[in-house]
Amino acid sequence: MSLHTTTRRDPVETVFVPETAPAAPTQWMLTKVELRKMTDTRSGRWVLAVIVLAMIAMVCLIVFAGADGDREVPELFLASQLGLSVLLPVIGILSVTAEWSQRSGLSTFALVPKRHRVVFAKFAAGVIISVAGIALSAVVTYGGQALAIATDNAEGGWGIPADLVATRLLDCVIAVASGIAFGMLLSSPMLSVLTFYGLPLVLGILGGTVAATADTMEWVNPGQAMSPLSERGGISGTEWARVLCNTAVFGVALFVAGLYRTSRREVT
């Protein structure tokens with residue numbers, strides 16, 4: 001006769017521990033990422049390189065071939081700003097359009113679903129590059145002044161007016177914001193660049209050929225309205241009003257419209 005012993009086992013309870021969602025990246029972290037994306041790509045490096053070369057070339061041109069009165073430090077500073085003024089918006093355009101043209105938007109907006117945070121990080125990165133560009137421009141200016149002294153071509157002292165630095169920085173920030181706005185609206189790099197640079201030309205031709213639109217173009221055309229920010233001397237109240245009007249149209253309004261389109265657009 002055999003005895004069988006049955007052992008009773010209690011069921012094992014499975015405890016489900018909810019996973020903690022990872023913390024969202026901070027705005028500063030996103031800004032650093034966008035800053036690296038602006039500068040650590042082939043196109044971004046080429047644009048920055050051309051800006052630096054244009055700074056040096058324009059300052060050297062003024063030092064050795066400038067007319068009397070054009071070799072002062074403020075004039076050298078303005079000359080060094082030419083490449084920065086013209087090409088800085090391209091960096092803003094490429095930073096936005098690359099998300100669609102290079103199909104990186106799928107990963108970018110999957111990691112950061114709130115797309116406005118990415119856009120504001122791009123703008124903040126553009127502001128940092130603008131500040132760095134102004135600082136580098138001052139360094140190149142002082143280098144040009146030292147070269148002018150060494151070659152007996154120097155005129156004036158070493159001072160750069162603070163108001164000139166402020167207006168140039170404001171112009172660069174507005175240009176970056178406008179570039180980002182055009183990039184968000186049009187999405188295509190080529191189309192955005194052509195529209196950004198072609199629109200002032202068209203408006204300038206219209207104002208020069210149709211006399212009835214000449215006064216209006218002084219307020220609407222960015223090439224005319226924003227020009228006081230790139231000149232020595234004080235800016236009048238009317239000129240500031242034109243700057244604000246043009247910024248409201250081509251900066252704020254287009255930026256808001258582009259942000260709305262970017263937040264609604266399907267990522268493919």
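Values below: every heavy atom of this structure, side chains too, minus hydrogens, waters and symmetry copies.
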With heavy-atom distances below 4.5 Å as the criterion, would you say the side chains of V131 and I128 are in contact? no
With hydrophobic residues grouped by side-chain heavy-atom distances under 4.5 Å, do V256 and V119 end up in a single group? no
Minimal non-hydrogen separation, L94 against P189, with atom names: CD2-CB, 4.2 Å
With sequence neighbours excluded, residues passing ring pair (Phe, Tyr, Trp, His ring centres under 6.0 Å) with F77: none
Just by distance, do the side chain of S130 and the backbone of V176 share a donor-acceptor pair under 3.5 Å? no
Before giving the answer on side-chain contact (heavy atoms from CB on, under 4.5 Å), spell out for L84 and I134 the whole-Å C-alpha distance, their side-chain angles and the decisive distance to 0.1 Å. CA-CA 8 Å; L84 192 66; I134 295 293; 4.0 Å; yes
With side chains defined as the heavy atoms from C-beta onward, is the minimum distance between I129 and L35 less than 4.5 Å? yes
Note: P228 and I235 closest approach over all heavy atoms is O-CD1, 3.7 Å
Can you find a pair of side-chain heavy atoms, one from S230 and one from D171, that are under 4.5 Å apart? yes
Non-hydrogen side-chain atoms of P74 and P161 separated by less than 4.5 Å: yes
Atom pair CG (L201) and CG (L206), whose distance is rounded to the nearest 0.5 Å: 12.5 Å
Are the side chains of E34 and M29 in contact, using a 4.5 Å heavy-atom criterion? no
Nearest 0.5 Å, what's the CG-CD distance between N221 and E218? 10.0 Å
Once you round to the nearest 0.5 Å, how far does CZ of F255 lie from OG1 of T247? 13.5 Å
With a 3.5 Å distance limit and no angle check, can you tell me whether R71 reaches the backbone of A148 through a side-chain donor-acceptor pair? no
Partner residues of T195 under the side-chain contact (heavy atoms from CB on, under 4.5 Å) criterion, sequence neighbours left out: F182, L186, L191
Calculate, to the nearest 0.5 Å, the distance between atoms CG and CD belonging to L229 and Q81 respectively. 11.5 Å
Counting only N and O atoms by type, is there a donor-acceptor contact under 3.5 Å from the side chain of R117 to the main-chain atoms of P25? yes
Hphob cluster co-occupancy, L199 + V90, side-chain heavy atoms under 4.5 angstrom: yes
May I ask you to decide if I93's main-chain N or O and S192's side chain share a donor-acceptor pair within less than 3.5 Å? no
In the single-linkage hydrophobic clustering (I, L, V, M, F, W, Y; side-chain heavy atoms under 4.5 Å), do V86 and V173 co-cluster? yes
Hydrophobic cluster membership, with links at side-chain heavy-atom distances under 4.5 Å among I/L/V/M/F/W/Y: are I174 and V165 in one? no
Go through it in stages, so that I can follow the logic: the residues are T41 and R36, the test is side-chain hydrogen bond (donor to acceptor under 3.5 Å, both in side chains), and I'd like the CA-CA distance, side-chain angles, deciding distance and then a yes or no. CA-CA 8 Å; T41 61; R36 181 173 181 179; over 6 Å; no
Does the salt bridge (charged side-chain N to carboxylate O under 4.0 Å, His left out) test come out yes or no for K122 and E99, once each step is laid out? CA-CA 11 Å; K122 293 180 184 294; E99 303 291 357; 2.9 Å; yes
Hydrophobic clustering (ILVMFWY, side-chain heavy atoms < 4.5 Å, transitive) - are V249 and M184 grouped together? yes
Would you call F123 and V127 a side-chain contact if the rule is heavy atoms closer than 4.5 Å? yes
How long is the span from the CD atom in E72 to the CG atom in L78, to the nearest 0.5 Å? 11.0 Å
Testing the basics here: between C245 and W219, what is the closest heavy-atom pair and its distance to 0.1 Å? CB-CE3, 4.0 Å
Which pairs would a plain distance check flag for residues 47-63, meaning a side-chain donor or acceptor within less than 3.5 Å of a matching protein atom at least two apart in sequence or in another chain?
none

Rounded to the nearest 0.5 Å, what's the gap from OG on S137 to CD1 on I160? Could you check? 7.0 Å
With side chains defined as the heavy atoms from C-beta onward, is the minimum distance between N246 and M226 less than 4.5 Å? yes
Quick check: are there more than 12 heavy atoms from other residues, nucleotides or ligands sitting under 6.0 Å from OH of Y260? no
For the CH2 atom on W46, are there more than 12 heavy atoms of other groups (residues, nucleotides or ligands in this structure) within a distance under 6.0 Å? no
Do L203 and P222 have side-chain heavy atoms sitting under 4.5 Å apart? yes
Give a yes or no answer on whether the side chain of R261 reaches the backbone of L185 with a donor-acceptor pair at less than 3.5 Å. yes
Mind running side-chain contact (heavy atoms from CB on, under 4.5 Å) on F120 and T31 for me, showing each step along the way? CA-CA 8 Å; F120 288 133; T31 300; over 6 Å; no
Hey, does the side chain of S236 reach the backbone of E239 with a donor-acceptor pair shorter than 3.5 angstrom? yes
